[in-house]
Amino acid sequence: MSDYAQMELNPRGAVKSESPLAMTRARVAQAASPQEARVLICEKAFLGHLVLRGNADDEAFRAGVERALGLALPLEMGPLSLDEARGISIQWMSPDEWLLIVPAGQEFAAEAALRGQLTGHYAVMNVSGGQTLLELSGPCVRELLMKCTPYDVHPRHFPVGKGVTSVFAKSSAVIRRVGEARWELVIRRSFADYLYSWILDAAEEFGVFVASGEAARSAARDAARELATEAR
Amino acid sequence: MLHIYCPHCAEYREEEEFRPKGEAHIARPVAPEAASDEEWGTYLFFRKNPRGLHHELWYHAAGCRKFFNATRDTVSYQILETYKVGQKPSVVAGQSSNKGAAK
Ligand SMILES: [Zn+2]
């Protein structure tokens with residue numbers, strides 16, 4: 001018989017043991033109301049997400065996109081083309097790729113409008129089923145993001161209206177700042193449950209509330225006022 | 001962590017967003033079927049691996065997902081410049097310029 005060393009691998013009580021499925025049972029303490037929360041999370045589900053590819057140097061392509069959507073094609077990383085009233089945005093993703101987000105139900109019409117205006121070498125793909133958008137609002141969202149991404153989210157470096165793609169929670173996400181205290185994350189479907197659990201867990205220390213659309217919007221307005229007062 | 005300037009995003013980003021992809025400026029034989037075994041083997045497997053200035057291909061994996069080139073000192077790890085694919089490096093061996101040095 002050979003020598004062996006046997007170890008007790010379950011320390012029972014001394015250290016908390018977690019099953020591989022612990023994440024599915026995790027419960028994050030949530031604030032009782034949006035007013036008490038410093039971070040509000042609201043999924044904007046079923047928006048129309050379209051990926052547009054084309055040649056940014058081609059004037060006909062740029063003009064066609066503008067005619068179809070009534071928004072200019074952003075030609076550099078960072079500044080979003082955003083029409084909040086119509087709920088439409090275009091974000092630069094790479095030198096020949098853009099993310100177009102339109103209100104729920106308008107993706108078919110938006111694609112048709114683009115195809116009606118564009119000719120030549122271009123591509124439009126409806127990727128709405130592959131990703132979703134989370135809106136984060138409240139005075140502590142920036143601190144939450146600092147725990148999640150190596151990208152510098154300081155207001156000096158990340159003004160309102162900027163959108164980037166970066167590492168997020170060891171995965172990746174599109175990060176957009178759409179208001180003083182209002183941010184958006186575009187996350188992939190296959191990572192959505194993991195990232196949602198991560199965000200809830202990371203936000204617990206600030207007080208987190210998962211809100212419906214209207215509660216999140218009014219809390220964002222309050223938080224923006226609060227930040228403006230602090231800045232003064 | 002290194003701060004690497006992506007010439008497509010026009011911004012310094014964290015090293016974590018990038019992947020190195022080996023030596024840059026390797027030309028594929030124009031007619032692979034006419035290349036000798038030696039030419040094809042050299043193209044596939046043989047790399048300069050210098051001590052000092054090295055022109056490398058990098059990939060902005062978590063950002064714009066485009067490739068670009070970087071001139072890096074393999075001794076100090078300092079990235080002296082980054083430039084788009086199709087462009088020529090401005091910092092080459094035997095020249096003491098520090099133009100476009102990374103932070
Ligand atoms: Zn980039």
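Because the structure is a prediction, the values reported are computed rather than measured.
Other residues, nucleotides and ligands contribute more than 12 heavy atoms inside 6.0 Å of the NZ atom of A:K147. Open room surrounds CZ on B:R51; 12 or fewer heavy atoms of other groups in view lie less than 6.0 Å from it. The number of heavy atoms from other shown groups lying within 6.0 Å of CZ (A:R188) does not exceed 12. Counted within 6.0 Å of OH on B:Y43, heavy atoms from surrounding residues, nucleotides or ligands total more than 12; the atom is thus considered enclosed. Within a 6.0 Å radius of CZ in A:F191, other residues, nucleotides and ligands contribute 12 heavy atoms or fewer.
Residue A:S94 comes nearest to B:C64 through the heavy atom pair CB-O, 3.2 Å, listed as atom of the first residue, atom of the second, then distance. Taking each heavy atom of A:T165 and B:R13 in turn, the nearest pair found is O-NH1, 3.0 Å.
Residue contact with chain A, scored on non-hydrogen atoms closer than 4.5 Å, involves the backbone and the side chain of B:E16 alike.
Checking B:E11 against A:Y151 by side-chain atom types alone, a donor-acceptor pair falls below 3.5 Å.
To the nearest 0.5 Å, the span separating NE2 on B:H8 from CE on A:M77 amounts to 12.5 Å. A distance of 4.5 Å separates CZ of B:R65 from CD of A:E97, quoted to the nearest 0.5 Å.
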